[in-house]
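Input: a single structure, listed below in structure tokens.
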2 protein chains.
Amino acid sequence: MAGRTKKLTTVSYGILGLLGLRPHTPYELAQQFRRSGTFWASAESVVYNEPKALVAHGLASAAAEADGGRRRTRYSITPAGRRELRRWLSDPAVEPQFQFDAMMKVLFSDLGDKEDLLGAIEAMRAWAERTQAGAATITHDYTTGDEPYPDRAHIVGLTQAYRVGLAQMTRQWADWAEQQVRNWPDTHNGPAPADLLTRLGAGRTPW
Amino acid sequence: MAGRTKKLTTVSYGILGLLGLRPHTPYELAQQFRRSGTFWASAESVVYNEPKALVAHGLASAAAEADGGRRRTRYSITPAGRRELRRWLSDPAVEPQFQFDAMMKVLFSDLGDKEDLLGAIEAMRAWAERTQAGAATITHDYTTGDEPYPDRAHIVGLTQAYRVGLAQMTRQWADWAEQQVRNWPDTHNGPAPADLLTRLGAGRTPW
DNA sequence: GGTAGATACTCCGTTTCGGAGTATGTCTAT
DNA sequence: ATAGACATACTCCGAAACGGAGTATCTACC
């Protein structure tokens, strides 16, 4: 705590939040973080490292367990951890960040051919469908009582609603975009869509 | 080209794409990348470094310019660069990645108080409004002819439509979520929303 | 002609990435 | 019962990215 401890990140607090629900082993944390982690992408190695950082900050405690020949460490939140988690929840949120490889390809699609553009749009649609499927799995588990935290269903409803909205909107966009592009002779000669741009500027979608 | 050259990333190809439109200085690249770069977040220092990497790969060429006392380098795409850009456009897209700090706060909001949850929802709404405003600026520039690439308006229509869709969906979610939460006594005692979860599983949004 | 603030970058210590490596667990065929 | 294959559960480390401090030039205004 005193000397060199790394700065806590959103991942740190996400892990701390999971520990706030119940104690977890590193592997469980990695699984859960991946599952709920549609909202925050990060490398697995970082997730595995966070519990140690939390202990160094005094926000979590570690207990050794033996599970056959395998040594495990089970981490729990400390009272200081709970306080710090509440403090974080009251911090202003940082701006969302994205990495949409497919949309970057759409953005420069006039330097390639039409097939590639349609492929990028299709990639967005496929991702939307995977996103919807993921949301369906989670909501299904909650309705059948397969979930470890039934009393969190109202919170899960909020977050999964956003996921479903994102998936639905992306599908609508992909359908519309595909139709547009199919009517173009090629990628660098589309119609100048003055009315579309006006509409978009006013915050209205074309679908 | 022969020895140690760093692997090209989506940022590299984004920069290469900009050079595919016309030659740029590093500063111009950074500006343009930020502007179009809603779809790919990355640090400024990385963007400034990419042109050098592209030259090392033989995909861009550098020309020194004097602009008063300030030395500038203007980068242009090479024929090999154009080929490589087209190859990239035909690559399958990598999965989108997000970092939604506010949604992480929503996800663990039952460990904090109601005010913080409403704050996180409000942060999402505020971001949606900034996103819409950004899209409006770009589309407005295109309709008034203030844009350097009027013949790319059809492509810009595609990408900005997604941005506007994202902004609209986020606003709708925020309105709905705020209403839900205002009816809760506190963050850890919401109604068990069985019908909501069923609806979400079927891919239908509650708004 | 001085200086305050904006512009246009570079530099570098810290953090993250991501894939290879390691060790244990489990299943299946013989 | 046991060898081999595949899955599970992590650790390690070199390369890349981050982001903020630092530097130099330009521009506007007094």
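Everything quoted here is computed from the prediction, not taken from an experiment. The chains referred to below are lettered A, B, ... by the order of the sequence lines, with proteins before strands, and numbering in each begins at 1.
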Rounded to the Å, how far apart are E50(B) CD and dA16(D) C1'?
10 Å
Using a strict threshold of under 4.0 Å (side-chain N to carboxylate O), is an ion pair present between E28(B) and R35(B)?
no
Using a cutoff of under 3.5 Å, can you pull out all pairs of nitrogen or oxygen atoms linking the protein to nucleotides 23-25 of chain D, with atom names and distances?
unit_1: dT25(D); atom_1: O2; unit_2: R70(B); atom_2: NH2; d: 2.8

Could you list the protein-to-nucleotides 17-19 of chain C atom pairs, N/O on both sides, closer than 3.5 Å?
unit_1: dC17(C); atom_1: OP2; unit_2: A43(A); atom_2: N; d: 3.2
unit_1: dG18(C); atom_1: N7; unit_2: S45(A); atom_2: OG; d: 2.8
unit_1: dG18(C); atom_1: O6; unit_2: S45(A); atom_2: OG; d: 3.0

Q160(A) side chain to R163(A) side chain, donor-acceptor N/O pair below 3.5 angstrom
yes
Name the atoms and distances for all side-chain donor-acceptor pairs under 3.5 Å in residues 200-207 of chain B, with sequence neighbours left out.
unit_1: W207(B); atom_1: NE1; unit_2: Q172(B); atom_2: OE1; d: 3.1

Quick one: list whatever passes side chain to side chain contact (heavy atoms under 4.5 Å, CB included) with A62(B), sequence neighbours left out.
V55(B), T73(B), Y75(B)
Less than 4.0 angstrom from a charged side-chain N to a carboxylate O is my criterion; do D175(B) and R171(B) meet it?
no
Check the distance between dT7(C)'s P and Q32(B)'s CD and give it to me in whole angstrom.
16 Å
Considering only residues two or more places apart or on different chains, which pairs with a residue in residues 114-135 of chain B satisfy ring-ring contact (aromatic ring centres under 6.0 Å, His included)?
F98(A)-W127(B), F100(B)-W127(B)
K105(B)/D101(B) ion pair, N-O < 4.0 Å
yes
Which of the following nucleotides, dT15(C), dT10(C), dA16(D), is nearest to the side chain of K52(B)?
dT10(C)
In whole angstroms, how far is the C1' atom of dG19(D) from the CZ atom of R34(B)?
12 Å
Measure the distance from CD on E65(B) to P on dC26(D) and round it to the nearest whole Å.
14 Å
Value in whole Å for how far the P atom of dT7(C) lies from CD of E28(B):
14 Å
Spacing between N49(A) atom CG and dT15(C) atom C1', to the nearest angstrom
10 Å
Please list all pairs passing the side chain to side chain donor-acceptor pair (under 3.5 Å) test where one or both residues lie in residues 110-120 of chain B, with sequence neighbours left out.
R152(A)-D110(B)
